[in-house]
Every structure is written in structure tokens, then in C-alpha cells.
S.K.: 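The structure's right below; bear with me while I get my questions together.
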Amino acid sequence: MSIQDWIKNEVDTNDVVLFMKGTPNFPQCGFSGQVIQILDYVGAPYKGINVLEDDELRNGIKEFTNWPTIPQLYVKGEFVGGCDIIREMFQNKELQGLLTDKGIETAQQSA
């Protein structure tokens, strides 16, 4: 399986996936940490994938989306954006709306 096929499988089989530097419990870059804080705040279940564990993955994810930076967030198979976009969407309540529209139940909905 090529790295592109592996990435596509992860994106297609997980409702919310964050390709990040580090792990959700130990982010290794401030931008990844910000996106984790936002996802945790809205209570969205997600899978974090550490791109620092594999150079092929770190380069492959950038090619997969043609997006030069990490982190990268995917919801229901669609690329949503990186840190700046996610932060802006969160501040405008667009991220919460997107998750709801895609059928992702968040802790804020069930509270």
C-alpha cells in the first residue's frame, strides 16, 4: 500500500482525522496544540496521527492535499484546513456547524 493509499484510507475510515506534529496528549508544535484544544473544547471525537513518526507520511500528507503545512484536519473525508482556518471557523461557530452538518456529535451538543 502506498502512503497516498494509506492516507486516503485513514481519511475515509475515520469521521474526524487530524494529521499533526506529536500526539493529542503531547502535541509537538503550537499549531497542532491549538487545533487539539479547539477539538477538545467542542468535544469532537477525532483520531490524531503523528506525522513526525514517518518522513514519508509527513511529506505524503502535504502532497495528498497540496497543502504545505501541518496540522491538517479532515472531516468525513474532506480536507477542512490547517490551524488558521480551524481557529477562524471555531471563532465564527462555523466549525461547530460543519461538525453538526456532517453528523458528528460533539460534547457541546449533548450537554
Side-chain angles (χ1 to χ4, degrees):
M1 179 183 287
S2 75
I3 193 65
Q4 296 299 315
D5 291 337
W6 186 87
I7 292 168
K8 181 167 178 19
N9 182 63
E10 289 296 318
V11 167
D12 289 346
T13 59
N14 295 284
D15 286 345
V16 182
V17 181
L18 179 65
F19 290 87
M20 61 180 293
K21 292 180 180 176
T23 64
N25 291 332
F26 190 68
Q28 292 184 264
C29 109
F31 299 114
S32 292
Q34 285 181 40
V35 176
I36 291 293
Q37 286 181 331
I38 290 168
L39 292 173
D40 287 347
Y41 181 83
V42 299
Y46 62 92
K47 178 176 184 179
I49 298 177
N50 184 1
V51 302
L52 296 178
E53 291 180 348
D54 185 340
D55 282 343
E56 188 179 16
L57 173 59
R58 186 169 66 237
N59 293 320
I61 191 62
K62 294 175 185 179
E63 294 168 8
F64 185 77
T65 50
N66 197 26
W67 189 262
T69 59
I70 295 165
Q72 294 186 14
L73 182 68
Y74 294 79
V75 176
K76 291 282 189 167
E78 291 182 30
F79 175 58
V80 179
C83 182
D84 290 344
I85 292 169
I86 300 306
R87 185 175 53 238
E88 186 175 310
M89 288 179 71
F90 169 70
Q91 290 169 343
N92 296 333
K93 305 275 190 261
E94 292 172 26
L95 179 63
Q96 298 86 320
L98 172 71
L99 293 168
T100 300
D101 290 348
K102 296 287 186 177
I104 309 295
E105 185 164 327
T106 63
Q108 288 188 336
Q109 289 172 316
S110 56

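In what follows, every heavy atom counts, from backbone to side chain, and hydrogens, waters and symmetry copies are set aside.
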S.K.: Let me confirm one number: the OG1-CD1 distance from Thr65 to Ile70, rounded to the nearest 0.5 Å.
M.R.: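 Result: 8.5 Å between the selected atoms.
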S.K.: Could you tell me the separation between the CD1 atom of Ile85 and the CD atom of Glu94, rounded to the nearest 0.5 Å?
M.R.: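 One finds 10.5 Å between CD1 of Ile85 and CD of Glu94.
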S.K.: CE of Met20 to CD of Gln34: how many Å apart, nearest 0.5 Å?
M.R.: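 Those atoms lie 12.0 Å apart.
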S.K.: Has Asn92 got more than 12 heavy atoms of other residues, nucleotides or ligands less than 6.0 Å from its CG?
M.R.: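 Atom CG in Asn92 is packed in, count exceeds 12.
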S.K.: In Å, rounded to the nearest 0.5 Å, how long is the span from CG of Leu99 to OG1 of Thr106?
M.R.: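 Reported to 0.5 Å precision, the distance equals 6.5 Å.
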S.K.: Do side-chain atoms of Gln72 reach the backbone of Trp67 as a donor and acceptor pair under 3.5 angstrom?
M.R.: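 Present.
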S.K.: Is there a side-chain contact between Val75 and Tyr46 in this structure, where contact means two heavy atoms from C-beta onward sitting under 4.5 Å apart?
M.R.: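 No; the side chains remain at least 4.5 Å from each other.
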S.K.: Can you tell me how far the CD atom of Glu53 sits from the CZ atom of Arg58, to the nearest 0.5 Å?
M.R.: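 The CD atom of Glu53 sits 11.5 Å away from the CZ atom of Arg58.
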S.K.: Hey, could you give me each pair passing ring pair (Phe, Tyr, Trp, His ring centres under 6.0 Å) that has a residue in residues 3-32? Not counting sequence neighbours.
M.R.: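 Only Phe19-Tyr74 qualify under ring pair (Phe, Tyr, Trp, His ring centres under 6.0 Å).
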S.K.: If you count every heavy atom of other residues, nucleotides or ligands that lies below 6.0 Å from Glu88 atom CD, does the total exceed 12?
M.R.: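 Open: at most 12 neighbouring heavy atoms sit under 6.0 Å from CD of Glu88.
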S.K.: Do the non-hydrogen side-chain atoms of Thr69 and Asp84 ever get within less than 4.5 Å of each other?
M.R.: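 Not in contact.
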S.K.: Can you list the residues that meet the side chain to side chain contact (heavy atoms under 4.5 Å, CB included) rule with Asn14, with sequence neighbours excluded?
M.R.: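 Side chain to side chain contact (heavy atoms under 4.5 Å, CB included) check on Asn14 returns Glu10, Val17, Lys47.
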S.K.: Any sub-3.5 Å donor-acceptor pair from Ser32's side-chain atoms to Pro27's backbone N or O?
M.R.: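 A pair under 3.5 Å: no.
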S.K.: Using the rule that Ile, Leu, Val, Met, Phe, Trp and Tyr join whenever any side-chain heavy atoms are under 4.5 Å apart, tell me whether Phe79 and Phe90 fall into a single cluster.
M.R.: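 Linked within one cluster.
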S.K.: In the structure I gave you, are the side-chain heavy atoms of Asn50 and Gln28 within less than 4.5 Å of one another anywhere?
M.R.: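 Touching, per the 4.5 Å side-chain cut-off.
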S.K.: Would Ile61 and Ile49 satisfy side-chain contact (heavy atoms from CB on, under 4.5 Å), going step by step from the backbone distance to the final call?
M.R.: CA-CA 11 Å; Ile61 191 62; Ile49 298 177; over 6 Å; no
S.K.: To the nearest 0.5 angstrom, please state how far the CD1 atom of Ile86 sits from the CD atom of Gln91.
M.R.: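 Atom-to-atom, Ile86:CD1 and Gln91:CD are 11.5 Å apart.
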S.K.: Looking only at non-hydrogen atoms, find the nearest pair between Gly22 and Leu52 and report the distance.
M.R.: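 Shortest heavy-atom separation between Gly22 and Leu52 comes out as N-CD1, 3.9 Å.
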S.K.: Go through the structure and list residues passing side chain to side chain contact (heavy atoms under 4.5 Å, CB included) with Lys8, not counting sequence neighbours.
M.R.: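 Once residues adjacent in sequence are excluded, the partners of Lys8 under the side chain to side chain contact (heavy atoms under 4.5 Å, CB included) criterion are Asp12, Phe64.
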S.K.: Taking side chain as C-beta onward, heavy atoms only, is Ile104 less than 4.5 Å from Lys76?
M.R.: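 When only atoms from C-beta onward are counted, Lys76 and Ile104 do touch, with a gap below 4.5 Å.
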S.K.: I'd like to check Asp5 versus Asn9 (side-chain heavy atoms, cut-off strictly below 4.5 Å). Are they in contact?
M.R.: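 No, every pair of side-chain atoms sits at 4.5 Å or beyond.
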